[in-house]
Structures are given as structure tokens and as C-alpha cells.
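The structure under discussion appears below in the form of C-alpha cells.
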2 protein chains.
Amino acid sequence: MILNLDPRSNTPIWEQVVHQIKELILREILLPEEKLPSVRELSGTLLINPNTVSKAYQELERQGIIETLRGKGTFVSASIIPKADDQKIMELKQQLKQLFIEASYLGIDHQTLSKWLKNYSEELGGKDNHAESE
Amino acid sequence: MILNLDPRSNTPIWEQVVHQIKELILREILLPEEKLPSVRELSGTLLINPNTVSKAYQELERQGIIETLRGKGTFVSASIIPKADDQKIMELKQQLKQLFIEASYLGIDHQTLSKWLKNYSEELGGKDNHAESE
DNA sequence: ATAAGTGTACTATACACAGTAATACACACA
DNA sequence: TGTGTGTATTACTGTGTATAGTACACTTAT
């Protein structure tokens with residue numbers, strides 16, 4: 001598995017791993033029940049510390065996205081149920097608001113942002129996107 | 001000036017100050033040419049270090065949003081011109097993509113996000129919203 | 001001139017966290 | 001038994017935030 005990591009980014013490496021694996025699952029490149037690379041293997045290919053990979057896997061498991069079986073490996077969860085965590089939704093809205101403000105100062109209006117969102121939806125969310133009938 | 005700061009947030013205090021002042025300007029609570037509180041005054045009311053306020057002001061000036069006059073004070077820029085910085089736009093799109101992914105795992109679709117964006121636009125962007133002729 | 005108020009610069013310190021490194025442990029499976 | 005899993009622990013380094021204190025340059029009003 002090859003991920004795009006930026007050591008100079010301000011977002012921690014383990015968080016970048018979390019983000020990109022979630023994206024791979026959304027894109028259905030990683031399928032339910034599929035086995036992920038071992039901690040040591042992935043740390044080898046990504047040239048990062050095993051502890052960093054472990055931290056990413058633990059965070060993904062905490063979110064219910066992957067499951068780990070001691071001695072066997074880590075696997076994509078069979079069914080990923082979207083959790084309507086109110087706390088996280090509030091944080092997301094706050095983040096969206098901040099993003100809108102930054103966009104405003106770049107001369108980008110909300111309609112353009114919505115258009116981009118729609119593109120991302122078509123590009124990534126081919127799964128439960130209710131798009132089959134379109 | 002009263003801002004809502006969260007010392008336990010992972011975003012630095014000076015960055016929170018930057019964000020909230022940008023929002024106040026968008027809301028037209030802070031008007032062009034208006035004087036901002038002095039570094040020492042704001043650090044007093046916010047109970048933070050003057051250096052932290054100074055860092056926020058310097059970042060705002062770097063973005064062309066405020067202007068500082070030595071010995072006189074800091075003021076909101078007379079005209080804030082949206083700069084179409086390609087680099088920043090790319091970062092914004094990346095951030096929006098990540099936000100969409102997180103939303104997907106919370107069961108929120110792109111249409112809901114667009115609706116929220118529209119709300120923010122009406123709530124905040126009453127200024128140069130090209131809404132005069134519409 | 002003098003004083004007060006402005007932003008700025010500099011050094012030092014404390015603290016938290018990311019990341020690395022090395023090691024050891026518990027479990028599954030052939 | 002041996003190899004490959006994930007996990008836990010400890011120590012160390014580096015980076016960045018924030019605080020604290022001090023000093024400087026400038027503007028304005030007295």
C-alpha cells in the first residue's frame with residue numbers, strides 16, 4: 001500500500017495515514033474484511049516508525065473502521081456504520097465555517113465550494129451515494 | 001473586543017485570534033479603517049501574552065487584512081482585496097476534500113454540507129457577496 | 001522636552017507533543 | 001517450535017506554543 005505522506009506538513013504523520021486509509025476505503029480500493037499491511041510491513045514501505053503506524057491503526061479501530069485480531073492482523077471492518085456523533089458534527093460544522101471564511105478571503109463563494117463538494121461526492125462516494133438511479 | 005479562546009484546543013491561540021478577527025471583519029462588526037485594540041490592551045482582556053497578540057496581528061498584516069502604523073496602532077485595511085493565491089486555493093480544496101470524507105463517515109452527504117455553506121454565506125457574507133444586483 | 005502609548009525585537013524558560021529507537025510481551029498459526 | 005501478528009513500555013530528540021521580562025523606535029499629546 002502506497003500513501004502520500006508529507007513529513008513537512010503540520011498534520012501528524014499518523015493522522016495523514018488515518019485520513020488516507022479512510023479515503024481508500026471510501027473509494028472501495030480497500031474492501032470490507034480485507035487485510036491491511038502489518039504494522040512492520042507498512043512502516044517499512046512508508047519509511048516511518050512502526051509506532052507511528054500502530055498509532056494510526058489504533059485510531060482507526062477507535063473509530064470502528066478497522067478491526068485488529070491479535071496475532072492475525074488488522075482488517076477493514078465488515079460493515080462501517082456511520083455514527084451520528086453530535087460532538088463530532090459540531091466540530092465539523094465549526095471547521096466548515098472556518099473553511100468558508102478562508103474561502104471568502106480568497107474570493108471563493110459558497111456556490112463554488114458546493115460545486116467542489118459535489119465533485120468530491122461523485123469521485124469518492126460511489127458507495128452509498130444514492131447515485132445509482134441518476 | 002471579546003473573543004472566544006480555547007486554551008485546550010490543538011489550534012494555537014494566535015491562530016484562533018486570527019480566525020475570529022477575520023470573522024468579525026466579514027460580519028462588518030469591525031469596519032475598514034477602524035482601530036483595533038492595542039497589543040497590550042487585547043492581551044489584557046484576553047488574559048494572554050502580548051507576544052501572542054502580536055503574532056496574530058503580524059499574521060493578519062501578512063495577509064493584508066490589517067495595517068500597522070508604528071506608534072499609532074493597528075487598523076483594519078481600507079480595502080481588502082481577495083487574492084486568488086493558487087497555492088492557498090489548492091490547500092483549501094484539499095481541506096474541503098478531507099472534510100467531505102469525515103462527513104461521509106458521520107453519515108452526512110454533500111447536499112447537507114452545501115446547505116450549511118449557504119447558511120454561513122447568508123449569516124456572514126453580507127458584504128461583497130455580489131448580492132446587490134441579484 | 002517630556003511622558004504615555006503604540007508596535008517590534010530579543011532572550012530565556014517551561015511545557016506539550018510528534019517522532020524515533022530499542023526492547024519486551026501476548027497471541028495465532030503452520 | 002518458530003515466525004509473524006499487534007501491543008506496551010521507556011528513553012531520547014526535536015519542534016513549536018506560550019509565557020516572562022526587557023529594551024528599542026516611533027507617534028501623539030501635554
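We name chains A, B, ... by the order of the sequence lines, and we start the count at 1 in each one. Just so it is clear, the structure is predicted and the values come from calculations on it, not from any experiment.
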Q: Assign A:N10 to base, sugar-phosphate, or nothing according to its heavy-atom contacts below 4.0 angstrom with the strands shown.
A: nothing
Rounding to an integer number of Å, can you tell me how far [X] [atom1] sits from [N] [atom2]?
X	N	atom1	atom2	result
B:E61	C:dG7	CD	P	11 Å
B:L69	D:dT28	CG	P	9 Å
B:L46	D:dT19	CG	C1'	15 Å
B:L36	C:dG5	CG	P	19 Å
A:R8	C:dA18	CZ	C1'	17 Å
B:R40	D:dA23	CZ	C1'	11 Å
B:N51	C:dA12	CG	P	15 Å

[N] phosphate, OP1 or OP2: any side-chain N/O from [X] under 4.0 angstrom?
X	N	value
B:K72	D:dT28	yes
A:T52	C:dG19	no
B:T74	C:dT6	no
B:S38	C:dG5	no

Taking distance alone, no hydrogens or angles, what donor-acceptor pairs closer than 3.5 Å link side-chain atoms of residues 38-51 of chain B to residues at least two apart or in another chain?
| residue | atom | partner | partner atom | Å |
| --- | --- | --- | --- | --- |
| B:S38 | OG | B:E41 | N | 3.0 |
| B:S43 | OG | B:V39 | O | 3.3 |
| B:S43 | OG | B:R40 | O | 2.8 |
| B:T45 | OG1 | B:L42 | O | 3.1 |
| B:N49 | OD1 | B:N51 | N | 2.9 |
| B:N49 | OD1 | B:N51 | ND2 | 3.4 |

Q) Mapping A:K55 and B:G73 to their closest nucleotides on DNA chain C, which lands nearer the 5' end? A)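 Taking each residue's closest nucleotide, the earlier one in sequence belongs to B:G73.
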Q) Taking the nucleotide of DNA chain C with the closest heavy atom to each, which residue, A:I48 or B:R70, is nearer the 5' end? A)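 Going by which nucleotide is closer to the 5' end, it is B:R70.
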(Q) Apply side chain to side chain donor-acceptor pair (under 3.5 Å) to residues B:Q87 and B:E91 and explain how you reach the verdict. (A) CA-CA 6 Å; B:Q87 174 67 24; B:E91 292 173 5; 3.2 Å; yes
